[in-house]
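First up is the structure itself, then whatever we jot down about it.
Residue numbers count from 1 along this sequence. Both backbone and side-chain heavy atoms feed into the values below; hydrogens, waters and symmetry mates do not.
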Amino acid sequence: MLVGLDTYDDAGVYRLSDDLAIIQTVDFFTPIVDDPYSFGQIAAANAMSDIYAMGGVPLTAMNIICFPVKTMDISVLQEVLRGGLDKIKEAGALLVGGHSVEDDEFKYGLSVTGTVRPERVLTNRGARIGDHLIITKPVGTGIINTAIKGNLVNKEIINEVTGIMSTLNRAAAEEFEGVDISACTDVTGFGLLGHACEMIQGQEVGLRIYPDRVPLIEEVLNLARMGIVPGGTHRNRDFRKGFIIGAEGIEPSMMDILYDPQTSGGLLIAVKRDDSQGLIARLRKKGVKHATVIGEFIDGPREKITLFTQV
Ligand code: CO
Ligand code: CO
Ligand code: CO
């Protein structure tokens, strides 16, 4: 076993031979958008993201379905599965099976198996002093999804956030070849600061993040200022606030965004400083248009994130 339960990493990694390891991960959740096809795409992109975050490529996937067959039309499930399958195909992976149970609440996701060369496995640990921190998707899906439930956003923003969540992190992961990357993870339920914390916990480094540089989904700051914030934000803050320095200097609504739980968020990549602008250029050329350097790993305070407003 190369990566197991102890580091809270994105997925498990098991070495099969000197040049081949398998990555295994599973993710499923309740619908977050009304459109079933989009929900299928988002759930599949989210599940496969953990394979990309480990530096791997998804190979096979299995559907996980909990469906209220007595109260929901089967056509909804068919559309969700069609969306998921289209994403699996886009990723170049194969759907090989699945399992469904009856449940009061609809849930869908995938278990995914991927492959990676053992020496290319990326975990959330290992960032070096001086490395830049890159994020590849804008932040704010939790806030936007809360606003969607309250009918507070227009169609364009719903389309934008749906597109962001259903975008595979593949384009990002494919550009890693030849770039000096020391650590990687993806941004999901613990929010940007929660997952950034995982990159420094137990490590001999600290992290400086510039909130002004974090790419945001349109309207997110306005919605946060209106108090449209999901419950998970507060849980994330309570869990991580002891690791954060400088929060009092940041607008409270911006802090809510930094703790906002993300669905199918972008990758967080620790990359050698000299390689970061080249990687950003490659990512943007590949259509990862929000890829941005949002911070850097520093020698101290260790295991803390220091927020800086001055860019
Ligand atoms: Co993950
Ligand atoms: Co996951
Ligand atoms: Co990882």
Side-chain angles (χ1 to χ4, degrees), residues 1-30 42-66 84 87-88 90-101 107-127 136-137 165 168-174 176-177 181-192 194-203 236 239-240 261-271 303:
M1 190 177 66
L2 298 176
V3 180
L5 293 171
D6 48 330
T7 60
Y8 305 100
D9 223 301
D10 301 294
V13 185
Y14 186 87
R15 180 165 49 209
L16 296 174
S17 67
D18 284 348
D19 55 5
L20 185 66
I22 53 165
I23 310 172
Q24 291 180 290
T25 185
V26 57
D27 251 302
F28 62 107
F29 46 71
T30 55
I42 292 165
N46 179 71
M48 290 188 285
S49 175
D50 282 330
I51 302 284
Y52 294 122
M54 305 301 288
V57 178
L59 197 65
T60 57
M62 296 211 269
N63 285 328
I64 296 163
I65 301 153
C66 307
K87 271 295 148 185
I88 293 167
E90 185 189 330
L94 287 174
L95 182 68
V96 294
H99 187 72
S100 58
V101 293
K107 302 175 192 83
Y108 168 69
L110 300 175
S111 80
V112 190
T113 300
T115 55
V116 64
R117 296 209 310 272
E119 76 277 11
R120 305 258 322 158
V121 172
L122 292 169
T123 70
N124 50 20
R125 310 290 164 97
T136 63
K137 286 187 186 182
M165 292 188 291
L168 292 174
N169 279 328
R170 176 183 63 171
E174 278 176 351
F176 287 4
E177 191 78 49
I181 290 166
S182 55
C184 184
T185 190
D186 57 351
V187 186
T188 51
F190 296 128
L192 170 55
H195 292 282
C197 266
E198 290 173 348
M199 301 182 88
I200 51 170
Q201 260 186 301
Q203 304 290 291
N236 286 344
F239 187 48
R240 291 300 190 184
Q262 301 299 286
T263 300
S264 194
L267 297 174
L268 281 177
I269 307 163
V271 58
E303 298 190 62

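Considering all non-hydrogen atoms of both residues, Ala91 and Tyr52 come closest at CB-OH, 3.5 Å. Taking every heavy atom of both residues into account, Ala43 and Gly109 meet most closely at CB-CA, 4.4 Å. The minimum heavy-atom distance linking Arg15 with Pro118 is given by the pair CD-CG, 4.0 Å. For the residue pair Met48 and Leu168, the shortest heavy atom distance occurs at CE-CD2, 3.7 Å. Between Ser49 and Gly265, the closest heavy-atom pair is OG-O, 4.4 Å. Between Leu2 and Ala21 the shortest heavy-atom distance is CD1-CB, 4.0 Å.
Glu303 contributes atom CD, which lies 9.5 Å from atom SG of Cys197 (distance to the nearest 0.5 angstrom). Atoms CD and CG, from Gln24 and Leu59 in turn, are 11.5 Å apart once rounded to the nearest 0.5 Å. Here the straight-line distance linking atom OG1 of Thr30 with atom NZ of Lys107 works out to 7.5 Å at 0.5 Å rounding. With rounding to the nearest 0.5 angstrom, the OG1 atom of Thr113 is 11.5 Å from the CG atom of Leu94. The CG atom of Leu95 sits 7.5 Å away from the CG atom of Leu110 when rounded to the nearest 0.5 Å. Going from atom CG of Asn169 over to atom OG1 of Thr136 covers 5.0 Å, rounded to the nearest 0.5 Å.
Taking Arg117 as the reference, Glu119 meet the salt bridge (charged side-chain N to carboxylate O under 4.0 Å, His left out) condition, with sequence neighbours excluded. Here Glu90 pairs with Lys87 under the salt bridge (charged side-chain N to carboxylate O under 4.0 Å, His left out) rule; sequence neighbours left out.
Arg125 contributes a side-chain N or O that, together with a main-chain N or O of Gln201, makes up a donor-acceptor pair within less than 3.5 Å.
Applying the 6.0 Å contact sphere to CZ of Phe176 captures more than 12 heavy atoms from other residues, nucleotides or ligands. Residue Phe29 places its CZ atom among more than 12 non-hydrogen atoms of other residues, nucleotides or ligands, all under 6.0 Å distant.
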Chi angles and distances behind the side chain to side chain contact (heavy atoms under 4.5 Å, CB included) call for Met199, Leu268: CA-CA 9 Å; Met199 301 182 88; Leu268 281 177; 4.0 Å; yes
Verdict with reasoning, His195 to Thr188, per side chain to side chain contact (heavy atoms under 4.5 Å, CB included): CA-CA 8 Å; His195 292 282; Thr188 51; 3.2 Å; yes
Derivation of the side chain to side chain contact (heavy atoms under 4.5 Å, CB included) call for Ile64 and Ser111: CA-CA 7 Å; Ile64 296 163; Ser111 80; 4.2 Å; yes
Met165 vs Lys137, side chain to side chain contact (heavy atoms under 4.5 Å, CB included): CA-CA, chis, key distance, verdict: CA-CA 9 Å; Met165 292 188 291; Lys137 286 187 186 182; 5.7 Å; no
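Considering only heavy atoms from C-beta on, Arg170 stays 4.5 Å or farther from Pro58 through its side chain.
The one candidate from Asp9, Asp10, Asn124 that meets the side chain to side chain contact (heavy atoms under 4.5 Å, CB included) condition with Glu198 is Asn124.
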